[in-house]
Trainee: 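My questions all concern the structure below.
Small disclaimer: the values here were computed from a predicted structure and weren't measured. Basis for what follows: all heavy atoms, side chains included, without hydrogens, waters or symmetry-related copies. In each ligand, atom 1 is the first atom listed, and ligand 1 is the first ligand listed.
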Amino acid sequence: MGGDPTTFGNLNPPDQVLQAVRDSIELLKSRSYGPGKGHQDVREAVAEYCSHQGPVTPDDVILCSGCSHAIEMAVTVLADAGQNILVPRPGFLIYRTLSEGLGIEIKYYNLLPDQQWIVDLEDLENQIDDKTAAIVIINPSNPCGSVYSKEHLTEILDVASRNCVPIIADEIYEHMVFSGNEYHAISSLSTDVPVLSCGGITKRFLVPGWRMGWVIIHDRQKIFEKEVREGLNNMTTRILGPSTLVQRALPAILQLTPQSFFDEVLLFLESQAKLAYEALRRIPGLRPVMPQGAMYMMIQIKMSLFPQFKSELQFVERLMSEQSVFCLPGKVNIK
Ligand SMILES: *Cc1c(COP(=O)(O)O)cnc(C)c1O
């Protein structure tokens, strides 16, 4: 599974977030079944929290069990068996895992390491065919740590618009950008391309185990009105929504977490990233790309300078067994 910021216990949510769940325990309502798409007042709080994404009403919000569940809903509702979705390479494994079981084909479009991992727009457009049901955009990116500019997001939207393909925006790292970079929700920049934005509290609030996420429907031209909106609502009846204990805490979590908490976490992540980058770039044969946000860094290994290793997989395995440094081999992300 992606990055788990809780592994070492040095990154913790603020008291306000922990208190919100303690308070929720005392509520009778936090023990009862909730509506499939989530409680109305909780969806109102999420709509407010996501207002930077464009106009969002509580009806546009569907609460999910983490962002993975949000992604599963978005992929399932947009693509039929036999169709395909386009995902970034390097990218995030869950798209393949989910899609294969549904008979949906995964097609990859390239990200460009020499340009801070932006999308190869020509490749993206070339991958689109008459069976393409959606384009997945992960911004800020896992595993690249890239953050796309407004201009680049607009270029991506142009490709989607020209080809009439909707976008699944994986924005679980929204707002998690380092100094000098700006985060823009792709949905906020389009007036025509329908977007399903997947998000949640997992990464920003450092609570991956609480399994709280959401899908936001952005559909300014009412293209999704019938099949997609109705489809998503129908799908929520399958598992009756995410845990009501965390749901009841969510408005307080979103409203009471102080900005200083986010600032401190980001400062820490950025200083760690810089430290790692500065050390790694001095090592002959390793080429890190300095991340602009999120929690990851991709490092290119020039294998010819490491003849004692047969593959990069062996390289990262030995890194683990000899130095207890855990890295994912790029192939996991690239294949
Ligand atoms: C962590 C992660 C997710 C999944 O988040 P959960 O809320 O834990 O399900 C989805 N997409 C990306 C890119 C991630 O890194």
Trainee: Under 3.5 Å, side-chain donor or acceptor atoms of residues 252-268 against the rest of the protein: list the pairs with distances, not counting sequence neighbours.
Mentor:
unit_1: Thr257; atom_1: OG1; unit_2: Ile253; atom_2: O; d: 2.6
unit_1: Gln259; atom_1: NE2; unit_2: Asp263; atom_2: OD1; d: 2.9

Trainee: Any salt bridge linking Asp59 with Arg229? Criterion: basic side-chain nitrogen under 4.0 Å from a carboxylate oxygen.
Mentor: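 Not counted as a salt bridge, because no side-chain N and carboxylate O are separated by less than 4.0 Å.
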Trainee: Check whether any N or O atom of Asp170, backbone or side chain, sits under 3.5 Å from an N or O atom of ligand 1, and answer yes or no.
Mentor: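 Yes: some nitrogen or oxygen of Asp170 is under 3.5 Å from one in ligand 1.
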Trainee: Would you confirm whether the ring centroid of Tyr173 sits within less than 6.0 angstrom of the ring centroid of Tyr296?
Mentor: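 Aromatic pair counts; centres sit under 6.0 Å.
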Trainee: Near Tyr173, which atoms of ligand 1 are under 4.0 Å from a heavy atom of that residue?
Mentor: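 Numbered from 1, ligand 1 contributes 1 (C), 13 (C), 14 (C), 15 (O).
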Trainee: Under a heavy-atom criterion of less than 4.0 Å, does Ile71 contact ligand 1?
Mentor: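 Contact present.
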Trainee: Counting from 1, what ligand 1 atoms have a heavy atom of Thr202 closer than 4.0 Å?
Mentor: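 So the atoms of ligand 1 that pass are 6 (P), 7 (O), 8 (O).
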Trainee: Heavy-atom contact under 4.0 Å between Arg211 and ligand 1?
Mentor: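 Yes.
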Trainee: Is it the case that over 12 heavy atoms from other parts of the model lie below 6.0 angstrom from the CD atom of Glu122?
Mentor: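 12 or below, so no.
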Trainee: Distance under 4.0 Å to a non-hydrogen atom of Ile138: what atoms of ligand 1 satisfy this?
Mentor: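 What qualifies from ligand 1 is 13 (C).
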Trainee: How about Glu225: does its CD atom have over 12 heavy atoms from other parts shown lying under 6.0 Å from it?
Mentor: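 Correct, the count exceeds 12.
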Trainee: Could you list the atoms of ligand 1 found under 4.0 angstrom from a heavy atom of Asn142?
Mentor: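 Per the distance check, 13 (C), 14 (C), 15 (O).
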Trainee: Does Asp23 have more than 12 heavy atoms from other residues, nucleotides or ligands lying within 6.0 Å of its CG?
Mentor: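 Yes, CG of Asp23 has more than 12 neighbouring heavy atoms, counting only those of other groups under 6.0 Å.
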Trainee: Please work out, at 4.0 Å between heavy atoms, whether the side chain, the backbone, both, or neither of His69 comes within that distance of ligand 1.
Mentor: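 For His69, no heavy atom sits under 4.0 Å from ligand 1.
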